There are 2 protein chains.
Amino acid sequence: MQPTREKILDAVFELVYVYGYNGTSMSMILKKCEIPKGSLYHYFKSKKEMVLVVIEERLAPSMNAFYDFTNDGNKHPLDVLIDAINKVATKKQLVLYGCPLNRLNQEMSPIDKDFEAAITIIYKHMRAKIIILLGGANLQTNTNILAEFVIATVWGALSLSPAQSSEERYLDTVTPLINYLITLK
Amino acid sequence: MQPTREKILDAVFELVYVYGYNGTSMSMILKKCEIPKGSLYHYFKSKKEMVLVVIEERLAPSMNAFYDFTNDGNKHPLDVLIDAINKVATKKQLVLYGCPLNRLNQEMSPIDKDFEAAITIIYKHMRAKIIILLGGANLQTNTNILAEFVIATVWGALSLSPAQSSEERYLDTVTPLINYLITLK
DNA sequence: ATAACAATAGACCATTCAGTCTAATTGAAG
DNA sequence: CTTCAATTAGACTGAATGGTCTATTGTTAT
């Protein structure tokens with residue numbers, strides 16, 4: 001069986017992803033984990049501190065996994081990037097709820113410096129990986145700007161009304177992005 | 001002096017924009033308006049109903065104003081669109097907090113059907129206006145997809161970490177989008 | 001002037017919130 | 001077995017939540 005602390009982090013990650021920080025209550029978390037309150041507060045001293053741990057131990061790894069391009073050997077960097085963009089479509093939760101980092105960012109960054117800082121670190125790490133990847137392509141374009149553009153477009157595409165969200169719609173929305181990237185080769 | 005009902009709607013719009021639906025309490029609203037609770041509940045029967053009214057009477061008009069292209073006479077449709085994209089940079093609040101429709105969408109659409117419906121109506125209306133605009137350009141591309149791509153990219157660019165948000169950064173992020181649009185002429 | 005309704009005023013309510021506290025239970029080390 | 005800390009357990013707290021209720025004040029029509 002999963003250790004209590006890990007069980008809590010998993011539950012908090014999922015609940016905050018869907019309901020947001022302010023939309024997730026401690027009682028929802030306790031119910032989902034089926035643990036007593038004393039256990040939770042034994043591991044974490046407050047709700048905020050707990051979610052900050054979730055950002056580090058759950059959100060950061062899941063984002064980094066997505067932008068880990070080290071395996072791709074001799075492909076053109078832009079094709080590696082395009083593959084990553086397409087791969088997003090296969091993750092049902094992403095298509096349905098959007099990027100968890102972006103969601104939390106929009107909710108919390110404007111109102112809490114600690115969240116903003118934690119989220120910004122992950123964002124910059126992602127962006128750095130893309131910039132490094134694109135660096136190997138000798139493009140005419142500014143790769144810093146290009147990396148940010150790609151992230152913005154993917155995040156935006158994932159945030160379009162969940163009402164009609166689907167794998168196809170995401171891929172449609174992202175088609176011009178891919179067309180543009182191809183022209184840069 | 002502004003009528004009470006309008007004063008409430010303005011305050012709720014601003015507070016929900018920054019703090020989100022769940023992050024905005026009735027007491028925050030009452031404090032900002034400096035009105036007693038009885039007045040507020042005289043005009044609105046609940047928090048939810050009140051915010052739905054804000055969506056209709058404040059959010060929808062402010063979004064529609066942005067995508068009203070009727071005035072531009074003989075310009076190329078793509079230039080009209082590019083102007084609109086650039087104009088976003090001049091709105092400090094947009095650059096700082098992101099698109100209010102997108103923010104509310106991400107927070108509420110996954111968890112409340114009524115919010116999702118109200119937000120989707122505004123979104124579709126915006127998109128329709130862009131599609132009509134692009135229709136006058138006889139492009140080789142699918143204008144439906146292109147419209148969604150543009151909205152996604154702008155929303156995404158506005159959502160990138162508020163920590164370093166600025167007019168310049170937004171314009172940078174959006175540069176590849178504009179470059180791409182120019183190639184379609 | 002008075003009736004009738006709209007609007008203001010804020011005390012009050014049940015519930016939920018995040019968080020505390022003490023006690024019981026477990027598990028590992030000696 | 002005993003000791004001692006880690007963990008589980010959940011009753012409890014004070015503050016904040018969204019919402020109700022009754023009383024008062026303004027305004028307008030007759």
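Proteins get letters first, then strands, A, B, ... in listed order; numbering begins at 1 in each. Keep in mind that what you see is a predicted model, and the values were worked out from it rather than measured.
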Between [X] and [Y] (salt bridge meaning N to carboxylate O under 4.0 Å), is one present in this structure?
X        : Y        : answer
A/Arg169 : B/Glu148 : yes
A/Arg5   : A/Glu57  : yes
A/Arg58  : A/Glu6   : yes

_Over all atoms of both residues, closest heavy-atom pair of B/Pro100 and B/Leu94_ = CD-CD2, 3.7 Å
*Do we see a donor-acceptor contact under 3.5 Å between the side chains of B/Thr153 and A/Thr153?*
yes
*Aromatic rings B/Phe69 and B/Tyr67: how do their planes relate, parallel, tilted or perpendicular, breaks at 30° and 60°?*
perpendicular
*So which of residues 21-49 of chain A are in contact with DNA chain D, with a heavy-atom cut-off of under 4.0 Å?*
A/Pro36, A/Lys37, A/Gly38, A/Ser39, A/His42, A/Tyr43
*Which nucleotide span of DNA chain D, 5' end to 3' end, has atoms closer than 4.0 Å to non-hydrogen atoms of chain B?*
D/dT17 to D/dT20
*Could I get the full list of side-chain hydrogen bond (donor to acceptor under 3.5 Å, both in side chains) partners for B/Gln140, not counting sequence neighbours?*
none
